[in-house]
*Asks:* 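Sending over a structure as structure tokens; questions will come in a sec.
Not measured: the values here are computed from a predicted model. Both counts, for ligands and for their atoms, begin at 1 and track the order of listing.
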Amino acid sequence: MTLAPNSELLRPILHNSDPKTLATEILKSLTYRLGKDTSVATPHDWLTASIKVVRDRIIERWIESTKSAYEQKEKRVYYLSLEFLIGRLMRDAFSNIGMLDNMREALALLGVELDVIAKLEPDAALGNGGLGRLAACFMESMATVDVPAHGYGIRYVHGLFRQEFSDGWQVELPETWLDHGNPWEFERRERSFEVGFGGTVESVTSKDGRLERHVWKPSERVLAVAYDTPVVGWRGERVNTLRLWSAMPVDPILLEAFNAGDHIGAMRESNKAEVLTQVLYPADSHLAGQELRLRQEYFFSAASLEDIVQRHLSQYGELLSLPDKAAIHLNDTHPAVAVAELMRQLMDAHGIDFDTAWDLTKRTFAYTNHTLLPEALESWPVPLFERLLPRHMQIVYAINAQVLLEARAAQKFDGEQIGRISLIHEGSDRRVRMGNLAFAGSHSINGVSALHTDLMKETVFADLHRLYPGRINNKTNGITPRRWLIQCNAGLTNLAREAIGDAFLDDVNLLSGLDPLADDAAFREKFAAVKRANKQRLSSLVGERLGIKVDPSALFDIQIKRIHEYKRQLLNIVEAVALYDQIRSHPEKDWEPRVKFFGGKAAPSYHNAKLIIKLANDVARVINRDPAVRGLLKIVFIPNYNVSLAEIMVPAADLSEQISTAGMEASGTGNMKFALNGAITIGTLDGANVEIKERVGDDNIVIFGLTAAEVAERRANGYKPRDIIEGSPELAQALSAIASGVFSHDDPDRYRDLINGIYDNDWFMVAADFDAFTAAQRKVDSIWRNSPEWQAKAIRNVARVGWFSSDRTIRQYASEIWNVPV
Ligand code: 26V
């Protein structure tokens, strides 16, 4: 007999979630699931036991969601992403399902503090930065706005490395999030697929000699095993699935070898398979043709596609309706090989002809581009691609032939333009261009902010856009207000509830009700008190972790993000050095106390990024110790920046640093998080900053620097940074101090090359924007001096950025790209 999930037998247990019942269940969970007694239970055991109790409630809704998607024949969204930067899940899930307070009480009855065990949950850091965090926000929003969706990715055993500083240098250590097991996931051994690599392609011909189909005979096979994690939407109405694939050997032991006495050799296959999903690639925007990375991309794309096609076939019995029932989304080009894989499955496994398969493929796929940096656009050497995926190589050539035919037929492209449209970069180093493959195989290609989308049309995809006009569209990024306001900033959430009621919890746009309160002195004071408490929390963390004392009444100026030259942490540090110089040489002036916080990881092989971290730490050491500074300026670089640290830093910020070289940051999402938490942005007209400015108004943001068009113009017309530096004494002074070893007595030449790079080339326009940045910072000081004015602007930021909710973004994807109802 099977028990229906909503059976009356289950209901009384699952629907009773008062603290006492929960406490009993936590004890039962501890005893019967973990096999522990309270006297020996570790804090981790309490955590696991608690999660499993709530998980039971989630599972019930999960099964209901899955069933209803099936019964209602709903179109499903499949979000393919090599990264999901989830962070901790406990607070998110408990709060979304409405059980956070009762669980806290239940644990208290057992003498356990929820906030203490919550900190033991490891961050699931299965991503590098913005792209991965966006995927996590999207998963939560899809469940919230009721889109039936599956996320697909890789269950990396080691996520993004843990960062420590040794003498100010970044050291990378392995990250081990699975050490205590993962109570959220369900291993689905029964849901596994074989994924092939290498080998040969055979053509099968009919009796009359006609080519019937191709058969790929891979030389290697790996098993992809599914691990499912439920994703709970706000109010717990829908629960979607994040399915992560883990690689296993098809044959765990080569028995023949083992029996012949080769015990180690017999295991080798197994290690080879498992290596595939061992570790996340740390993004450094340079791939240099790493084979393992292409293997990861194909591994998870192929397993996901098999899963999708099987699900569709088992429900509908045919594949011609695939585009009506499945929307497959490519999060950047990392899963772009899925385009060729779907073609392969449709043609080789299901006997569909090329033209029909190509039409189905294009109507099923959509692709998001997340960066225009040329070095980050993926392409694979043809010989590597051909060796690993011989059948896909043939399919890419066939697709390319079709695309080039259409390009020539359009009669508006010259040879060079046709060359740029081609899926193959020709020349001595022939490569498969994954962006072009994703573009050709999708009906929708979107950018992640208005500016970025315009630039996509003008630069990387200019020719493809002319060939297939109407495919490129914009979907400005968003963030989930559950994690990035309700959970991380209880103080502000409660203040807003008191002031405007609870409706904004379901529609964050309603924070607009706070707008008039910017002029209410009493409200401003309460708002300032909340910020102050958040700053106190960050100060304690810094005190505990780093032994640095910071004053919560100082202006908290924060730049947290991956370390990259285009994000210009260097500009920020050089400005700090200039300010340091000013404070020392003009002690009579009325300086506003400031703490500059940094956080972020550098890719292990990115030399300049690592040097910038060392510089920040060197500068911090000198400034923080100098009595002449009188505590007016402090610099704090907090190691191991991750989602959980962001949840503490974002609510504590007064000033949000969003200072990328215009045209280079596709969108940014940190900018949105800070504004929603009442920080004022100092930023360039880049990415989503442009749209934040439009929404908060020019008076409530501090914009400086060159525009994207001006940056392009300077680069085209011979930019001379040396002349600019010579005309700016403050900049010249700061640069020469750094270059001459003022901050690096132990190795005076340490920063010579880095600083010479600014004199000689300065691709990122540090010199060009320096004076504007300094002036903008002094403008920030003058606003800060007038506290009511500052608070009013900060409140208006909170009130006006509800539009940047990922719920809005997802609704736009749903109606304008995926064609699913919302
Ligand atoms: C590139 C590579 C290449 C080497 C191997 C690993 C790897 C991983 C990721 C990437 C590309 C990262 C692109 C990215 O994260 N873009 C960011 O996307 C955010 C969400 O749309 C956006 O807000 C940021 O502006 C954009 O930089």
*Asks:* Would you check whether Tyr566 reaches within less than 4.0 Å of ligand 1, judged by its heavy atoms?
*Replies:* yes
*Asks:* Short list, please: which atoms of ligand 1 are under 4.0 Å from a heavy atom of Ala666?
*Replies:*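 Listed by number with element: 25 (O).
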*Asks:* Hey, is Gly668 one of the residues with a heavy atom under 4.0 angstrom from ligand 1?
*Replies:*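 Gly668 counts as a contact of ligand 1 under the 4.0 Å cut-off.
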*Asks:* For the CH2 atom on Trp803, are there more than 12 heavy atoms of other groups (residues, nucleotides or ligands in this structure) within a distance under 6.0 Å?
*Replies:* yes
*Asks:* Quick check on the 6.0 Å ring-centre criterion: do Phe138 and His329 meet it?
*Replies:*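 Ring centroids of Phe138 and His329 are no less than 6.0 Å from each other.
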*Asks:* Give the numbers and elements of all ligand 1 atoms closer than 4.0 Å to a heavy atom of Val448.
*Replies:* 21 (O)
*Asks:* Check each atom of ligand 1 against the heavy atoms of Arg293 and keep those under 4.0 Å away; list them by number with element.
*Replies:*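 Once the distances to Arg293 are compared, the set is 5 (C), 6 (C), 7 (C).
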*Asks:* Report the member of Glu378, His334, Glu665 with the shortest heavy-atom distance to atom 27 (O) of ligand 1.
*Replies:* Glu665
*Asks:* Regarding Glu341 and Ser301, do their side chains bring together a donor and an acceptor under 3.5 Å, going by distance alone?
*Replies:*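 On atom types as modelled, these side chains do not qualify, holding no pair under 3.5 Å.
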*Asks:* Taking the six-membered ring for Trp and the single ring otherwise, decide whether the centroids of Tyr606 and His564 are under 6.0 Å apart.
*Replies:*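 Centroid separation for Tyr606 and His564: below 6.0 Å.
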*Asks:* Does any N or O atom in Tyr281 lie less than 3.5 angstrom from one in ligand 1, N or O only?
*Replies:* no
*Asks:* Among side-chain atoms of Thr144 and Asp807, is any donor-acceptor pair under 3.5 angstrom?
*Replies:*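 There is no such pair between these side chains.
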*Asks:* Using a strict 4.0 Å threshold on nitrogen-to-oxygen distance, state whether Glu172 and Lys610 make a salt bridge.
*Replies:*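 Result for this pair is yes, salt bridge flagged.
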*Asks:* So, 4.0 Å and heavy atoms of Gln290: is ligand 1 close enough to count as a contact?
*Replies:*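 No, that is not the case, since the closest heavy atom of the residue is not under 4.0 Å from the ligand.
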*Asks:* Give the single entry among Gly130, Gly127, Ala603 that approaches atom 19 (C) of ligand 1 most closely by any heavy atom.
*Replies:*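 Of the listed residues, Gly130 has the closest heavy atom.
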*Asks:* Looking only at heavy atoms, is any part of Ala283 under 4.0 Å from ligand 1, and if so is it the side chain, the backbone, or both, or is it neither?
*Replies:* both
*Asks:* Would you say the side chains of Asn446 and Thr368 form a donor-acceptor pair under 3.5 Å?
*Replies:* yes
*Asks:* List ligand 1 atoms under 4.0 Å from Glu83, heavy atoms only on the residue side.
*Replies:* 8 (C), 9 (C)
*Asks:* Does any N or O atom in Lys567 lie less than 3.5 angstrom from one in ligand 1, N or O only?
*Replies:* no
